[in-house]
There are 2 protein chains.
Amino acid sequence: MANIFSNIPAELANEIFEDILITDKLRIERIVSKGQTSPDTGWYDQSENEWLIVLSGYGVIEYINGDQVTLKQGDYLNIKAHEQHRVIATSSDEATVWLAVFY
Amino acid sequence: MANIFSNIPAELANEIFEDILITDKLRIERIVSKGQTSPDTGWYDQSENEWLIVLSGYGVIEYINGDQVTLKQGDYLNIKAHEQHRVIATSSDEATVWLAVFY
């Protein structure tokens, strides 16, 4: 057993990406952000589908068509493979904990 | 977009099981409990592996070998296929929201 909110440093120079579970069919990952965003240039263009939930803090996702979605605690969505997106804001006051299921 | 904590009735006569995402490779399910436990007889004996996290409240899982694990907010574990288990307690004060990934 482990806890999704454990081992979060008070200051985060960079986002933390950690695999929680890896099988041949899916990958569960914890992402911890604190004010970070995607790199200024480029978009995530993933070969896998991604089911994503925010468990603390908040994050704002922008799609390449300009749509923006703010995810707060408990909000979840599904990002299809090759649906280009980026993170344009995350909470700087508290850690944003994302749980992502890639499949 | 949806929220994992939305649409939870104040009183729960029975546990709620809701599929969030179904593909041929995995199923993501929300389970909401409020004081309920597994049926008095029998054990869950699942053909799929289950990755499980508690997002609010708490639940106590017992394995057939007698081991007991209390899962509180943020706690997660992996239950392998055919690892027989049951839920012997859940919070009666607040809803226990479980997120389960079957794979």
Side-chain angles (χ1 to χ4, degrees), chain A residues 1-8 16 18-32 46-63 67-81 83 85 87 94-103, chain B residues 1-8 16 18-32 46-63 67-81 83 85 87 94-103:
Chain A
M1 192 175 77
N3 191 287
I4 201 77
F5 301 114
S6 66
N7 300 318
I8 297 178
I16 302 173
E18 292 165 308
D19 288 321
I20 291 177
L21 182 78
I22 302 180
T23 78
D24 56 342
K25 295 182 177 178
L26 83 161
R27 182 166 53 87
I28 300 179
E29 184 177 88
R30 179 179 85 156
I31 305 159
V32 183
Q46 300 166 161
S47 60
E48 300 165 301
N49 301 297
E50 177 181 1
W51 185 85
L52 184 66
I53 184 169
V54 165
L55 299 181
S56 71
Y58 72 83
V60 183
I61 290 178
E62 183 180 45
Y63 294 92
D67 286 353
Q68 295 184 1
V69 180
T70 298
L71 295 172
K72 294 185 281 255
Q73 189 178 41
D75 288 335
Y76 61 85
L77 53 72
N78 198 49
I79 301 173
K80 290 181 184 156
E83 195 168 16
H85 64 283
V87 177
E94 62 174 323
T96 298
V97 175
W98 315 73
L99 180 73
V101 181
F102 295 93
Y103 62 96
Chain B
M1 190 175 78
N3 191 286
I4 201 78
F5 301 113
S6 66
N7 300 319
I8 297 178
I16 301 172
E18 292 165 309
D19 288 323
I20 291 176
L21 182 78
I22 302 180
T23 79
D24 56 342
K25 295 183 179 178
L26 83 159
R27 182 167 54 88
I28 300 179
E29 185 178 88
R30 181 179 83 157
I31 305 161
V32 183
Q46 300 165 163
S47 60
E48 301 165 301
N49 302 295
E50 177 181 0
W51 185 85
L52 184 66
I53 184 169
V54 165
L55 298 182
S56 70
Y58 71 84
V60 183
I61 290 179
E62 184 181 44
Y63 293 92
D67 288 352
Q68 295 184 1
V69 180
T70 298
L71 295 172
K72 294 184 283 255
Q73 188 179 41
D75 287 336
Y76 62 85
L77 53 71
N78 198 50
I79 301 173
K80 289 181 184 156
E83 197 169 11
H85 65 283
V87 178
E94 62 174 323
T96 298
V97 175
W98 315 73
L99 180 74
V101 181
F102 295 94
Y103 62 95

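In the text below, chain A, chain B and the rest are named by the order of the sequence lines, each starting its count at 1.
- Looking at heavy atoms from C-beta onward, A:V101 lies out of side-chain contact with B:W51 at the 4.5 angstrom threshold.
- For B:N7, the CG atom is loosely surrounded, since the number of other residues' heavy atoms within 6.0 Å does not exceed 12.
- Taking 4.5 Å as the limit, every side-chain heavy atom of B:T23 sits out of range of all side-chain heavy atoms of A:N49.
- Between atom CD1 of residue B:I53 and atom CD1 of residue A:I53 there is a gap of 8.5 Å, rounded to the nearest 0.5 Å.
- Here the CZ-CG distance, from B:F102 to A:L26, works out to 13.0 Å after rounding to the nearest 0.5 Å.
- The nearest pair of heavy atoms linking A:I20 to B:Y76 is CG2-CE1, 3.6 Å.
- Only the side chain of A:L99 comes within less than 4.5 Å of a heavy atom in chain B; its backbone stays farther off.
- Shortest non-hydrogen contact noted between A:L71 and B:M1 is CD2-SD, 3.1 Å.
- In terms of heavy-atom pairs under 4.5 Å with chain A, the best-connected choice from B:L77, B:L55, B:I4, B:L52 is B:I4.
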